[in-house]
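Here is how names work: the chains are called A, B, and so on, in the same order as the sequence lines, proteins then strands, and each is numbered from 1.
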Amino acid sequence: MTADYLRELLEQDVLEAAPALLGATLVRGERRARIVEVEAYRADDPACHAYKRRTPRVEVMYGPAGIAYVYFNYGVHWMLNIVAHAVDDPAAILIRAAEPIAGIDQFRSSRSVQKLAGLLSGPGKLAQAFDIDGNLNGIDLLDPSSDLHLLPALEPVTRVLKGSRIGIAKGKWEDVPWRFVDDSALEWASRKKV
DNA sequence: CCTACGATTCACT
DNA sequence: GTGAATCGTAGGC
């Protein structure tokens with residue numbers, strides 16, 4: 001898959017683009033990790049930050065597809081999203097978990113944990129391991145010259161598990177199956193059960 | 001201005 | 001399995 005094709009997908013349909021993101025490599029310097037779990041959020045979906053309201057925080061979600069939407073939550077964690085913008089229909093994909101590929105020592109020192117399992121198995125953990133914070137909000141993740149960027153999967157992931165999203169309050173479309181996990185990489189996902 | 005709370009994680013029990 | 005930590009954002013007054 002090429003970056004151009006991935007960007008096209010992101011521009012067209014967040015629900016198609018999200019599973020296509022599985023297997024992509026997230027790169028920052030020496031650090032590399034293979035994305036194994038994502039979630040989709042869409043403007044008509046009550047759990048989406050851009051639901052019915054255009055505020056300064058979500059402004060990047062209205063910008064071009066492929067840029068990073070980074071936000072802080074629980075007063076503790078940064079979250080990395082990729083904007084999947086269709087005209088007048090902002091959407092984003094939350095990167096939830098990845099398999100460490102390279103730069104393991106840097107992941108470890110950023111997270112101060114030793115075990116490989118659990119190093120990147122959650123959106124807050126992943127952001128911490130990559131030293132992602134609000135400074136990266138708005139950068140182009142599909143531009144290889146970006147400090148933090150994404151290399152599309154060479155081959156699409158064949159078996160994709162779909163489940164309901166994590167941490168969604170009742171009444172906010174908590175049951176839509178918009179969480180996508182690479183079945184062959186469950187050990188790196190944030191929770192085993194999908 | 002002031003308050004409530006969230007796309008979570010970790011340390012405990 | 002439960003609860004605390006912790007702060008930017010949004011929304012109400």
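Heavy-atom distances to DNA chain B give each of A/I168 and A/Q128 a nearest nucleotide, and the one nearer the 5′ end belongs to A/I168.
Under the Watson-Crick or G-U wobble criterion, with both distances below 3.5 Å, B/dA7 has no partner in any strand shown. Across the strands present, C/dT6 finds no partner; the criterion is a Watson-Crick or G-U wobble pair with both atom distances under 3.5 angstrom.
OP1 and OP2 of B/dA7 both lie 4.0 Å or more from every side-chain N or O belonging to A/R179. Between A/K125 and the phosphate of B/dC10, there is a side-chain N or O to OP1/OP2 separation shorter than 4.0 Å.
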Taking it one step at a time, do A/Y62 and A/H85 satisfy ring pair (Phe, Tyr, Trp, His ring centres under 6.0 Å)?
-> CA-CA 6 Å; A/Y62 290 80; A/H85 174 265; 7.1 Å; no

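In this structure, of C/dA5, B/dA7, C/dG8, it is B/dA7 that holds the atom nearest to the side chain of A/N73. When each of C/dA10, B/dA7, B/dT9 is scored by its nearest atom to the side-chain atoms of A/R53, the top-ranked nucleotide is C/dA10. For A/H49, the listed nucleotide lying nearest its side chain is B/dA7; candidates were B/dT9, B/dA7, C/dT6.
Aromatic ring orientation, A/W78 versus A/F72: tilted (interplanar angle from 30° to 60°).
Going from the C1' atom of B/dC5 to that of C/dG3 covers 16 Å, rounded to whole Å.
In this structure, the CG atom of A/D133 is 14 Å from the C1' atom of C/dG8, given to the nearest Å. Between the P atom of B/dT8 and the CG atom of A/L120 lies a distance of 16 Å, rounded to the nearest Å. A straight line from CG of A/L80 to P of B/dT9 spans 13 Å, rounded to a whole angstrom. A straight line from CD of A/E59 to C1' of C/dG8 spans 17 Å, rounded to a whole angstrom. Rounded to whole Å, atom P of C/dA4 lies 16 Å from atom NE2 of A/H77. Here B/dA7 presents its P atom at 11 Å from CE of A/M61, a figure rounded to the nearest Å. We find that CZ of A/R57 is positioned 6 Å from C1' of C/dT9, with the value rounded to whole Å. Atom NZ in A/K115 sits about 12 Å away from atom P in B/dC10, given to the nearest Å.
Stacking of the aromatic ring of A/Y41 onto the base of B/dA7 is found: the ring centres lie under 5.5 Å apart and the planes are inclined by under 30°.
Among the heavy atoms of the strands lying under 4.0 Å from A/I166 are primed sugar atoms or P, OP1, OP2 only; no base atom is included. As judged by a 4.0 angstrom heavy-atom cut-off over every strand, A/F72 is placed among residues touching the sugar-phosphate backbone only.
For the pair A/R31 and A/D105, the salt-bridge criterion is not met [side-chain N within less than 4.0 Å of a carboxylate O]. Salt bridge A/E174/A/R165: absent, no basic N to carboxylate O contact under 4.0 Å.
In this structure, A/Y41 has its ring center no closer than 6.0 Å to that of A/Y51.
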